[in-house]
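Note sheet for the following structure.
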Amino acid sequence: ETVAVITPFLAQPGTQAYVQAFQEDAATRGWEVNVIDTAGDMAAVISRIEDAVTQKVDAIVVNVDPAQVQAGLQTAADAGIPVIGMDAGADPLIVTNITSNGYAMAAETSVYVANRIEGKGKVVMFVFDAFPPVQIRGVVADAIFANFPDIEVLDRITPDVQDGGIADSRAKMEAVLAANPEPGSIAAVWAAWDQPALGALQAIEAAGRTGEGIVIVGMDANPQARDAIAQGGNFEASMAQDFVGIGKAAAEATARAMAKEEIKSKVTYVPTVLVTKANAAP
Amino acid sequence: MAEPLEFSAMTKRYGAATVLSDVSLRLSPGRVHALMGENGAGKSTLIKLLAGVVPADSMLVRQGARTLPLRSAADAHAAGFRVIHQELNIVPQLSVAENILLGQPIPQRFGLLVHWAELARRARAALAELGVSHMDVRRQAGGLGTGDRMLVKIAAALVQDAGQTACLYVLDEPTAALNGAEAEKLFAVIGRLKQQGAAILYVSHRMAEVMDICDDVTVLRNGRHILTTEIAQTSRDQIIHAMTGRDVADAYPPRRTPLGDAVVCAAEGVSTARLTGLTFTLRQGEILGVAGLAGAGQGDVLSLFLGSVRPTAGKAVLSGGVLPTSPAQAWARGVAHVPQERRSEGLMMRMGVRANALLPHLTGVIARKGPERRRVADLSAAVNLKAAGPEQSLWQLSGGNQQKVMFARAMAGQPKLLLLGEPTRGIDVGARFEIYKLIRALADGGCGVLLSSTDLPELLGLCDRILVLQAGRQATILSPDGMAPADLLGALQAAPLALETT
Amino acid sequence: MISQLRQAGTLIGLVLIVVFFTVQLPETFLTARNLINVSQQISMLAVVAFAMTVVMVMTDFDLSVGSMASLAGIVAAVLFTADQPVWLAVVAALAVGVLGGVVNGVLVAVLGILPFVATLGTLTIYSGAAFWISDGKTIFGRDIPKGFSEFARGGVSLDAVGFAGVSLPYMTILALVVLAVVWVTLEHTTYGRRLYAIGGNAEAARLAGVRVRWLRLSAFAITGLGAAVAGLMYASRVASANPTQGAGLMLDAIAAVFLGMTMGKEGEPRALATLVGVLILGILDNGLTQMKVDSYVREMLVGTIVIAAVATSSIGRRA
Amino acid sequence: MISQLRQAGTLIGLVLIVVFFTVQLPETFLTARNLINVSQQISMLAVVAFAMTVVMVMTDFDLSVGSMASLAGIVAAVLFTADQPVWLAVVAALAVGVLGGVVNGVLVAVLGILPFVATLGTLTIYSGAAFWISDGKTIFGRDIPKGFSEFARGGVSLDAVGFAGVSLPYMTILALVVLAVVWVTLEHTTYGRRLYAIGGNAEAARLAGVRVRWLRLSAFAITGLGAAVAGLMYASRVASANPTQGAGLMLDAIAAVFLGMTMGKEGEPRALATLVGVLILGILDNGLTQMKVDSYVREMLVGTIVIAAVATSSIGRRA
Ligand SMILES: Nc1ncnc2c1ncn2[C@@H]1O[C@H](COP(=O)(O)OP(=O)(O)OP(=O)(O)O)[C@@H](O)[C@H]1O
Ligand SMILES: Nc1ncnc2c1ncn2[C@@H]1O[C@H](COP(=O)(O)OP(=O)(O)OP(=O)(O)O)[C@@H](O)[C@H]1O
Ligand SMILES: [Mg+2]
Ligand SMILES: [Mg+2]
């Protein structure tokens with residue numbers, strides 16, 4: 001069988017991890033996998049789904065919000081080719097979506113921050129609302145911080161992600177540190193993904209303010225973040241999605257879809273884990 | 001017949017410099033009025049004011065009792081003015097026909113689409129007026145040669161608008177890029193326009209043609225009005241004196257040293273992509289003219305020794321060695337070059353005099369401003385350059401002064417071989433003889449000169465011998481002694497077939 | 001002869017590419033369905049590229065087309081969320097495109113700023129505006145009316161002309177209409193011929209009385225309008241609007257026009273030549289994906305082919 | 001007088017921006033620590049912009065600098081993962097930059113392709129290569145040797161000159177060294193003079209004996225080298241390498257050079273003027289973030305300021 005995996009986000013480490021897990025699993029099943037990256041272009045995802053349908057692949061795995069690629073999903077449905085979501089979204093035209101629970105993840109890290117700073121102090125948030133899965137993390141964190149009367153959100157920063165996010169986040173954090181020079185004036189940094197957390201950490205280290213106990217949390221627990229957390233510095237926690245699990249589960253779902261088995265649930269959640277110094281060793 | 005046009009109080013300042021100061025001009029129907037002045041006197045500026053393309057600081061235009069507003073090119077066109085500006089301006093991407101009707105209402109069908117057939121018809125009619133029929137008006141103008149481009153611009157001024165008659169034609173140095181035969185055609189057209197009752201304002205640095213075809217003359221000096229008179233009432237010397245404020249020796253400087261024995265460069269049966277049968281030797285101190293009608297291949301003769309064109313057959317040498325393979329090598333071996341198209345081939349318009357003049361003569365790794373400035377000051381004095389200083393940008397200089405910068409560049413390296421393409425194109429009479437003196441001085445010092453020119457008196461006055469090209473072949477080498485310009489023109493035009501049979 | 005060959009070189013390249021894929025993918029490439037897919041896939045790029053051709057005829061550039069496309073999509077989507085009718089949202093989005101183009105035109109034609117700088121600046125501004133208006137969010141789902149998103153899925157059935165079950169997408173038709181308008185405007189109206197005059201020699205055009213300022217300004221407005229049309233097509237196709245979604249169009253559109261310019265006698269851009277450029281880019285994307293070429297390798301291949309095409313033509317030109 | 005004022009306009013703008021932030025952020029902006037931070041933040045952009053100045057002097061462009069920076073970072077990181085010594089990885093990365101620049105130079109100078117097209121093509125190719133070599137992954141962590149990543153964290157202590165506890169980062173020093181080299185090359189060598197001549201009129205320069213091909217080729221190589229230096233600085237600063245990380249540098253670098261060009265007598269680029277452009281962009285970013293200006297609004301503001309600077313200068317120029 002031939003399976004097309006289509007994603008606009010292959011440059012993201014998380015995407016790479018589950019795509020790789022999917023490929024490895026697929027290899028053991030003897031499938032031919034064609035991984036297609038559209039480098040952020042949504043309309044191109046539709047185009048590539050159409051191309052895959054033309055090629056008469058046996059299944060398509062997508063990694064974008066289904067609402068944005070309806071035209072492509074319809075083409076696949078018309079051709080009778082099953083489409084499986086891998087960290088995508090729920091949709092009638094998707095057999096099932098394998099993902100982590102983004103709401104729960106965001107709740108867990110923001111509550112971690114709130115508890116660590118004992119419900120008071122100034123928090124710097126790094127968000128990215130243009131990308132729906134990351135946007136919901138920000139919404140949840142906003143709600144939780146708003147629920148603590150003594151927590152003040154100092155700034156809600158959208159870094160430039162063209163470079164991956166570390167360098168610009170660092171520059172932005174350096175500016176925030178410069179604007180808030182008194183020790184203890186910043187209690188925590190909450191980042192909706194790991195790169196800004198790493199940038200913030202570098203800024204705090206460079207400013208020589210590691211001793212103030214600024215708590216940094218990220219999300220996705222990518223290896224670079226795990227390293228930082230394991231070292232026991234300001235970067236204290238991140239949420240590990242089970243990318244390998246997602247990739248494997250997506251492969252399993254794909255196998256069942258190709259075998260014309262019925263899959264009842266439109267969403268399959270793969271468990272997530274809070275990573276702290278205790279369990280950070282990769 | 002239309003009434004005379006009166007322009008008065010024309011003033012134009014660029015920053016602190018006053019380029020035109022309270023100039024008045026009266027142009028009568030049926031008369032050709034020459035506008036004369038040294039390079040930078042303000043002639044082109046005056047023309048730009050009356051063409052509406054440069055805003056005047058003050059200007060009053062009356063035709064009889066009417067006052068004409070001239071705020072845009074469209075105003076000038078509506079007033080019946082047709083202007084050919086000094087610099088060659090064609091649009092290479094457009095067809096010849098579109099170039100001829102550029103800026104005018106283009107014939108349309110359905111009030112929307114271009115009526116191509118009508119467009120071509122009108123363009124052909126305009127060219128026919130000039131006695132030109134060899135051009136395909138539908139072809140892209142980018143492929144035209146220098147002379148043909150000028151003919152297109154002239155045709156653009158002649159083209160008739162339905163229901164619109166022109167009352168004034170303005171020609172800014174139209175003959176600078178034309179050869180003798182083409183110029184004759186133009187003069188015939190001017191004669192016809194004159195008879196139709198149009199006024200004509202004519203700018204040229206070629207004294208002979210001014211004396212020949214013009215009725216009146218106005219002279220400017222440094223942006224001021226100096227003299228207006230009938231040509232019949234004045235003389236060539238008087239005009240030149242009014243232009244320059246001094247007496248100019250207008251004799252071609254004679255050779256003062258005998259030709260040397262050493263050969264500077266030579267060709268033996270050389271062919272290039274556009275030229276065949278080139279055979280000559282140039283001795284030290286000799287000035288060899290290269291003459292031909294447009295497209296006869298003069299350009300390649302110079303390019304050969306500049307290393308920018310390769311011979312396809314035959315043998316050519318430069319100071320006993322092989323030909324240079326690049327202009328860089330040529331300059332390094334003592335060749336200097338004044339290109340025919342100074343704007344496109346010679347000058348960096350947005351850079352200063354110093355950068356332009358010294359470019360081929362930079363040596364070493366570190367460039368030093370101080371010595372460069374001093375060197376340029378000396379060179380500027382030698383060519384009598386009118387510029388605000390060594391750093392003035394070239395686009396701010398008048399055309400003639402730009403040409404002098406090219407000369408300064410060529411002289412700076414004490415050349416052994418000087419390649420000159422149209423060296424005095426657009427140069428005023430005063431400066432022209434200065435340049436002839438410079439060329440002569442270099443030749444007297446042992447430098448060989450290859451001089452390509454469409455100015456026949458200049459070829460006859462300056463050259464020791466003249467190499468004649470016809471349609472890409474070397475026809476003969478003449479001695480200018482006792483020849484008149486008309487004889488030389490005849491030699492250029494002789495049918496190549498007839499020559500072959502003899 | 002050689003010059004004709006050179007001019008046709010890029011067209012020959014396109015034919016070779018088509019032949020190559022037809023041989024490599026005998027079952028799937030040269031099918032009505034696939035070609036229709038390709039036509040729809042490239043329709044947005046095509047519209048931007050045609051619009052870009054209009055300013056490039058004057059040897060100007062518009063780097064802000066991608067931002068304007070995103071902004072137009074966002075404006076429409078924001079109006080949808082405010083429950084405005086589709087026609088109003090579309091008109092507003094197009095108006096924003098024209099306005100953006102006029103701003104570019106004023107900067108370039110009236111204030112005399114280099115197009116590269118001016119539109120680099122407005123690229124940033126329009127993109128900032130798109131983020132600001134949308135609050136950085138992607139707008140999708142129920143907010144986008146069916147009537148709008150179905151445009152991108154519909155088409156005119158080709159049953160009648162013998163292609164059973166195949167229909168010509170509205171998107172393709174729209175792109176062809178834009179092509180026709182741009183082609184007639186550039187090649188057969190006084191307006192278009194004057195744009196070429198400006199491109200060939202702006203000073204000559206000005207001295208001849210062509211209203212250079214006004215023409216440049218209006219040409220930028222046209223390009224803005226085209227960018228907005230493409231932005232709406234994109235939004236309709238993905239049934240959503242996102243402040244960055246047009247970003248990828250700009251460089252591809254410029255590449256397409258440049259590919260087309262290799263076919264002009266004096267290297268000038270032409271509407272039909274731009275179409276050839278767009279087709280090359282679109283067909284390479286489609287065919288290489290079908291051949292399962294790694295996306296990174298595909299990227300390198302496309303770059304190499306663009307350069308090869310332009311190099312071949314420029315070598316011919318200098319000889 | 002007016003022309004002097006116009007030329008100084010952008011510099012005055014920089015001073016006004018600094019005064020504005022000093023007033024708005026009295027405690028934090030004009031501190032040694034913050035200024036040192038800014039200098040380090042802009043050091044990578046500065047190096048790319050200085051390198052870009054070299055080709056822009058010839059009125060050429062290099063759109064591929066961002067891709068070359070990414071590629072250089074990736075090449076070094078891949079060698080690190082293969083346990084090669086730091087010096088070897090650095091030399092290899094720089095060699096890749098020079099090679100990339102030479103390829104650009106050959107396309108532009110020898111094959112005669114417009115720089116915009118040529119480097120648009122190589123942008124795609126180099127970026128594809130960076131993805132391909134790294135397999136699209138970010139390389140970091142234990143793979144990056146301490147010796148390499150510590151460069152970006154270290155500096156020369158300024159205790160001795162009275163700034164206790166402050167140190168001048170190596171990154172800043174490196175950027176200043178690059179500035180000095182580019183400045184001397186462009187302003188005080190015959191090589192630089194000739195580059196300016198090519199920018200003035202390439203054909204005239206060729207006929208006047210300038211080896212245009214060779215100079216253009218070598219200038220592109222220099223720009224490639226500069227891009228690679230910046231890519232290594234970036235990789236050192238983020239202690240990782242990612243195939244897209246240089247992408248943002250290109251447009252900002254061009255914007256900085258253009259800002260600087262407003263200060264040239266005839267609008268020509270100059271190394272020191274580029275520095276002013278880089279400072280304006282960097283200081284705006286720092287100050288506006290400190291003032292908590294929304295990032296979208298910040299983006300629009302920066303675009304507006306760039307346009308305003310260029311517009312002011314070009315209005316003055318035409319008068
Ligand atoms: N845009 C400008 N800015 C500043 N000075 C200018 C400008 N244009 C022309 N000048 C100056 O105005 C003077 C007159 O120039 P103009 O072109 O009218 O001379 P001209 O009489 O036509 O000379 P030529 O015979 O060489 O063509 C010159 O000194 C020139 O340097
Ligand atoms: N690059 C070229 N490709 C094709 N034909 C050319 C090229 N350059 C010049 N020609 C043609 O070759 C012929 C000779 O050119 P050349 O420049 O030597 O002429 P010329 O005698 O100097 O003419 P002019 O007096 O018009 O400058 C002309 O007909 C010209 O149109
Ligand atoms: Mg003049
Ligand atoms: Mg010639």
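In what follows, every chain begins at residue 1, and chains take the letters A, B, ... in the order their sequences are listed.
- With a 4.5 Å cut-off on non-hydrogen atoms, A/Thr2 touches chain C through its side chain but not through its backbone.
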When the side chains of residues 17-27 of chain C are checked against the rest of the protein, which donor-acceptor pairs come out under 3.5 Å, sequence neighbours left out?
| residue | atom | partner | partner atom | Å |
| --- | --- | --- | --- | --- |
| C/Thr22 | OG1 | C/Val18 | O | 2.5 |

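- The CD1 atom of C/Ile36 lies 11.0 Å from the CD atom of A/Glu50; values are rounded to the nearest 0.5 Å.
- With a 4.5 Å cut-off on side-chain heavy atoms, A/Ile36 and C/Thr289 count as touching.
- Looking at C/Gln40, only its side chain comes within 4.5 Å of chain A, counting heavy atoms on both sides.
- Considering every non-hydrogen atom in both C/Thr28 and A/Thr54, the closest pair reads CG2-O, 3.2 Å.
- Proximity to chain A is limited to the backbone of C/Asp135, based on heavy atoms less than 4.5 angstrom apart.
- If you tally non-hydrogen atom pairs under 4.5 Å between each of C/Asp285, C/Ile139, C/Thr244 and chain A, the highest count goes to C/Asp285.
- Residue C/Asn34 holds its CG atom at 6.5 Å from CG of A/Asp51, rounded to the nearest 0.5 Å.
- The main-chain N or O of A/Asp37 is never found under 3.5 Å from a side-chain atom of C/Tyr296 such that the two would form a donor-acceptor pair.
- Using a 4.5 Å cut-off between heavy atoms, A/Asn34 contacts chain C through its side chain alone, with no backbone atom that close.
- At a heavy-atom cut-off of under 4.5 Å, chain C is reached by no residue from residues 91-104 of chain A.
- C/Asn242 and A/Gln68 form no side-chain donor-acceptor contact under 3.5 Å, judged by distance and modelled atom types alone.
- Between C/Tyr234 atom OH and A/Ile46 atom CD1 the span is 8.0 Å, to the nearest 0.5 Å.
- The distance from the OG atom of C/Ser240 to the CG atom of A/Asp65 is 8.0 Å, given to the nearest 0.5 Å.
- Atoms CG and CZ, from C/Asn286 and A/Arg48 in turn, are 6.5 Å apart once rounded to the nearest 0.5 Å.
- For the set C/Asn37, C/Thr31, C/Leu249, the count of heavy-atom pairs under 4.5 angstrom toward chain A peaks at C/Asn37.
- With a 4.5 Å cut-off on side-chain heavy atoms, A/Val53 and C/Arg33 do not count as touching.
- Heavy atoms of C/Ala239 lying under 4.5 Å from chain A belong to its backbone as well as its side chain.
- Using a 4.5 Å heavy-atom cutoff, the side chains of A/Ser47 and C/Arg237 are in contact.
- The shortest heavy-atom contact between C/Gln290 and A/Gln55 is O-NE2, 3.3 Å.
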